[in-house]
Amino acid sequence: MGYNPEKPMEGRISDLGPPHYEQFFPPVIKENKGKWLWHEIIQPGVLMHKSETGDEVYSIRVGAARLVSVEYIREVCDIADKHCDGFLRFTTRNNIEFMVDSKDKVQPLLDTLASHKTSFPVGGTGAGVTNIVHTQGWVHCHTPATDASGVVKAVMDELFDHFIAHKLPAQVRIALACCLNMCGAVHASDIAILGVHRKPPMIDHTRITGVCELPLAIASCPLGAVKPAKTEVDGKEIKTVKVTVARCMFCGNCYTMCPAMPLADPEGDGIAILVGGKVSNSRSAPKFSKLVIPFLPNTTPRWPETVEAVKKILEAYAAGARKYERVGEWAERIGWEMFFERCDIPFTDKSIDDYRLAYDTWRTTTQFKYTSHVK
Amino acid sequence: MAKHETPLLDQLESGPWPSFVTDIKRQAEKKPECWDILGVLELSYKERITHWKHGGIVGVFGYGGGIVGRYVDLPKRFPGVEHFHTIRVAQPASKYYSTANLRQLMDLWEKHGSGMTNFHGSTGDIILLGTRTENLEPFFWDLTHDMGQDLGGSGSNLRTPANCVGQSRCEWSCYDTEEACHHLTMHYQDEIHRPAFPYKFKFKFSGCPNDCVAAIARSDVSVIGTWRDDIRIDQAGVKEYVAGNYPANGGAHSGKDWGPFDIQKEVIGLCPTECMWMEGDELKIDDKECTRCMHCINVMPRALRPGADQGATICVGAKAPILDGAQFSTLIVPFMKISKDNDFEELIDFIETIWDWWMEVGKNRERVGETMQRVGLPTFLSVMGIEPIPQHIREPRSNPYIFWKEEEVEGGFERDIIEFRKRHAA
C-alpha cells in the first residue's frame, strides 16, 4: 500500500496538523507542567528546574549543526533511548536538550555524550555564546550572498570556549542570515552576520519574457530603480526592464520576483556585521542590530575576516561591559563613537543611515565623546 | 553519483564545533546523492557563488504550501541534486519528540529523500532537505497515513506557528504557550496549507517578556505572556540571595568572579522604573510602577515570580527589513486572558479581525506591519475597534499634522467662499 499515481486523489488525507505535543513529554515534564518553581544552571549546559512537587528535571543542552543527517538524528535517538526514556527536545536556537529526572543521571549522560566520535558539545546556557541561528546559504538557497553553515562552523570553532562557559557579562546571541531577506531574522541579535550583495542585477533579456511578470518586477523595487524598457532579442523587439544603478540598494527583491535579474557575484558578495540588537524586554526595550562593518569578503572556507571581526567585538564587550549588560546596552552606555574605538572598527559613511527614517539615527545633541574620530 | 574532491570543505572538518561536512559525508555512504551536495557546495566555495536555481512551483495536490522547489544549475555534473526540493514538516509544540517518532520520520526521509535535514528551520518546521518531484506525493502519503503528520506552511499563507518551552519546563510562562500554539495551528490548517493572504503571516507564542521565541521581532501577531497583579516575593529567598547562598541569575555568571552579590547594584539599581527598594532586609516593590521587564525575576528566580493573575500582551506587525526596514511588533492589546477554557476565543477573534481587513487592503507582498505603517496606527486601531490609549505609543507625535475627519470638526468641511469674501476682501 502507498501512494497510487493512477488514482492520486483516492484515500488522500490532509490537514492533520502537527502531532499533539503532550505525547512527547518525558514523564517528569508531563507530571510537573505548570508546577515549576525555579531553576538553576548547575554547570554550563546543565539546567535544573525544581517543581513544587519536589521533582527535579535536569536538561543537558547540546549544540548541533542545524544541517544534520538522518544518521545524526538516529545517533541522538540512541542517546535519548539510553538515558532519557526515549524523549528529547530541540530549542529555538538549534540546540538539543536531553532531560533526566535526577542528578545522579547527569554524569552518565555527559559521559556518553563525550564518548561519541560525533561532537556533542554541552553548553549554550547563561552568560555565554549559544548556538548561532542561521539560514541555508550555498547549501540550498538561490539568493544567498554568502554561505551559512560554513561561516557558523568557523565562528563557533573560534568562540567555542564561550559556548562551554559563563564568562561574559550577559548572554550573547549571534545570528546569521545569508541575504537581506533574513530568513534567520538577524535584525535583533547581539551580533548579526549578514550576507550582502554589492552589484546591481544583470538583466537576462533572452529569458525575461518567459519567466517574469514585468509589472511585478518593476513594483518590487522599493526605490523605483527598475523601469520598463525595450530591447532587441534575435532581431525582435521585446519588452524588458532596465535598472537605474545609482538608485539600487542591492536588496535583491527584484531577483526574488524575477529570475531573469540575478545579482550574486563572487567579488560583489560578502558579509556585513550588525551589533547591539536584543529581543528580550529585560531592563531595556527590544533593540534592532546596527550596522558597524559594511563589508567583509567571502574568504572560503573559513571566513577569517568575519571570524576575527566577531571575536574582536566579543572581546571588547567582555572587557568593557557591566554584569547583565547586553552588547547593545553597553554600546549605548559608552556611546557608539566609543564602541567603534573600543572594538577598533573603522567608522565609515556606510554606517550612517540614508534610507527611510534615517534622521531618527542622526545625532541632534551637543553631547558626544572626544574619541580619536574627532580630529 | 561519484565522490568529488572537496579540499575546501574538508577544512571544515577540524575544530570543536560539530561539522556538517563530516555529517554529510557519513550520510553519503548510505545516500550517494549526498556526494553531489558536497560537490556543488565545494564548487560554490571555489567560485564563491550559489549554484541553486530560482524555485519552481512544486507541491502536493490540494496544498499551496509546505514544499519549496529547488533545482541545481549544473544538473549534468551533479545529477544527485538535479531536483532538490525542501519539505517543511510541521513540528510539535515546543519541539519535544519521542525517539520512536523521530526514527519513523528519519526512515521515511531515508526512503524518499536525501537524508539531510534541518532541525529546525527558522520559522520552526522540521526541514527535510532535498528530494525529487516524483517523491513528493509518495512521501506525503506515508507521512499522513503512516505517521499521522503533516506539512507546514510556505508562501503567502499562515506560516507554521511556534512557541517557547512554556509551562512544560519554565516557571515564568504566564500562559500555556504549547496549548495556545497547538490549538491555533489545528484551528487554522486551511490557512497554513492554502495561500490566500497578501503575503506571509506568522504567530509566535512566548510565555514571558524574555521572549525566548523572538515573537516581538519576527511575528505578525506576537503573543507575549505577562501579568497584572504583583510580583510574588519570597522574602526568605531574598535573604538567601543577599547572604550569597543562592547564585544570582540562576548561575548564569558562574564562569567569572563578579564579586559578592549586591542587590542594590544588580537588581534595584538596574530596575528601569526604579520601583524597588529595601526596607531592612525586606525587598519592596511598588508594583503599580512596574513595567514587568523580568530583570529582577531573572536575577533572583528563587525569590521572585511573576504575579498570579496572568495573561498576555498582544503586539502586531513585526518583520525583517525587506523592504521598508525592520519592524518590531507594536503593542495593541495590553492584557488579554489566554485560556483554553474558551478555546482561545478572544485571541481568535482578534486575529480574524486583522485578517478580514488585511486581506482586503493589504497589497501584494505587504506584511501587515507595513500595511499598518501605510494607513497609520490610529486607522489600524479603529479597524480593530480598539480605543487608543497611551500604552500604544512610546511618545506622542511631535508634529501637528493631524488627519482630522470632517465629523470631528464643528460645522464640517463645507463652507461658502462667497459668504467668506463678503466679510474678507481679497
Side-chain angles (χ1 to χ4, degrees), chain A residues 3 13-19 21 24 29 33-34 36-41 65-67 69-73 77 80-81 86 89-90 92 119 126-127 138 142 144 149 153 156-157 160 165-167 181-185 187-188 222 259 264 266 279-283 286 288 298 300-301 323, chain B residues 8 11-12 15-18 20 23 26-27 44-45 48-50 52 54 90 92-93 95-99 102 106 110 115 118-119 122 137-138 141 144 150 167-168 171 178 186 189 209-211 213-214 216-218 250-256 258 272 293-295 301-302 320 323 326 328:
Chain A
Y3 176 68
I13 307 175
S14 63
D15 297 305
L16 293 170
Y21 54 89
F24 300 140
I29 294 291
K33 179 169 173 173
W36 301 108
L37 281 180
W38 53 269
H39 77 278
E40 192 176 314
I41 313 169
R66 178 181 185 265
L67 173 59
S69 69
V70 161
E71 292 301 307
Y72 174 89
I73 295 292
C77 288
D81 282 339
R89 73 175 290 266
F90 290 81
T92 303
S119 171
W138 293 333
H142 64 297
S149 300
K153 163 73 176 154
M156 285 309 287
D157 276 344
F160 190 74
H166 293 160
K167 292 184 293 192
N181 279 326
M182 286 200 200
C183 299
H187 57 289
V279 163
S280 159
N281 284 273
S282 186
R283 297 173 306 283
F288 290 126
N298 278 327
T300 58
K323 192 177 178 186
Chain B
L8 292 170
Q11 295 177 52
L12 290 170
W17 192 249
F20 68 99
D23 196 23
R26 167 165 71 167
Q27 190 63 40
S44 283
Y45 271 56
R48 298 183 293 143
I49 194 165
T50 190
W52 299 101
H54 217 278
K95 304 185 178 83
Y96 286 92
Y97 295 93
S98 67
T99 54
L102 280 180
M106 293 306 99
E110 190 173 66
N118 291 148
F119 271 84
S122 299
E137 290 288 357
W141 178 280
T144 49
D150 202 351
Q167 294 173 342
S168 71
E171 65 270 30
E178 286 155 341
M186 297 307 286
Q189 281 295 299
N210 283 328
D211 196 2
V213 79
I216 205 162
R218 57 194 191 130
H253 288 90
S254 62
K256 180 176 170 180
W258 292 90
C293 83
M294 290 297 294
H295 176 75
R302 295 181 75 167
L323 281 166
F328 284 119

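In what follows, every chain begins at residue 1, and chains take the letters A, B, ... in the order their sequences are listed.
Among A:Leu37, A:Ile13, A:Asp15, A:Val70, the residue making the largest number of heavy-atom pairs under 4.5 Å with chain B is A:Asp15. The greatest number of non-hydrogen atom pairs below 4.5 Å with chain A, out of B:Gln11, B:Arg218, B:Lys256, B:Met106, is found for B:Met106. Considering only heavy-atom pairs separated by less than 4.5 Å from chain B, the leading option among A:Pro286, A:Gly17, A:Ser280 is A:Gly17. Top candidate by heavy-atom pairs under 4.5 Å with chain A, chosen from B:Gly251, B:Ser98, B:Ala217, is B:Ser98. No other option in A:His166, A:Lys167, A:His187, A:His39 has as many heavy-atom pairs under 4.5 Å with chain B as A:His166. Here A:Ile29 is the residue among A:Asn181, A:Asn298, A:Ile29 with the most heavy-atom pairs under 4.5 Å with chain B. Considering only heavy-atom pairs separated by less than 4.5 Å from chain A, the leading option among B:Gln189, B:Glu178, B:His54 is B:His54. Contacts with chain A were tallied for B:Cys293, B:Pro301, B:Pro138; B:Cys293 has the most, counting heavy-atom pairs under 4.5 Å. Ranked by heavy-atom pairs under 4.5 Å with chain A, the first of B:Ala93, B:Pro209, B:Pro272 is B:Pro209. No other option in A:Ala65, A:Gly86, A:Gly126 has as many heavy-atom pairs under 4.5 Å with chain B as A:Gly86.
Heavy-atom distances place no part of A:Ala165 under 4.5 Å from chain B, backbone and side chain included. In this structure, the portions of B:Leu8 lying under 4.5 Å from any heavy atom of chain A include both its backbone and its side chain. Only the side chain of A:Phe160 comes within less than 4.5 Å of a heavy atom of chain B; its backbone N, CA, C and O stay farther away. With a threshold of 4.5 angstrom between heavy atoms, B:Trp141 approaches chain A through side-chain atoms but not through N, CA, C or O.
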Going through the checks in order, is the side chain to side chain contact (heavy atoms under 4.5 Å, CB included) test met by B:Arg48 and A:Thr300? CA-CA 8 Å; B:Arg48 298 183 293 143; A:Thr300 58; 4.2 Å; yes
Given the rule in the side chain to side chain contact (heavy atoms under 4.5 Å, CB included) test, do B:Tyr97 and B:Phe119 qualify, once you have shown the distances and angles that lead to the verdict? CA-CA 12 Å; B:Tyr97 295 93; B:Phe119 271 84; 4.3 Å; yes
Can you check side chain to side chain contact (heavy atoms under 4.5 Å, CB included) on B:Arg26 and A:Tyr72, steps first, answer last? CA-CA 9 Å; B:Arg26 167 165 71 167; A:Tyr72 174 89; 3.5 Å; yes
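Residue B:Asn210 holds its CG atom at 11.0 Å from NE2 of B:His295, rounded to the nearest 0.5 Å. Of the inter-residue distances, the one linking B:Trp17 atom CH2 with A:Asp157 atom CG reads 9.0 Å to the nearest 0.5 angstrom. In this structure, CG in B:Asp23 is found 10.5 Å from OG in A:Ser149, a value given to the nearest 0.5 Å.
Not a single ring-ring contact (aromatic ring centres under 6.0 Å, His included) links A:Trp38 to another residue, sequence neighbours left out. Scanning for ring-ring contact (aromatic ring centres under 6.0 Å, His included) contacts around B:Tyr96 gives A:Phe25, with sequence neighbours left out.
Inspection of the A:Asp81 and B:Thr99 side chains reveals an N or O donor paired with an N or O acceptor under 3.5 Å.
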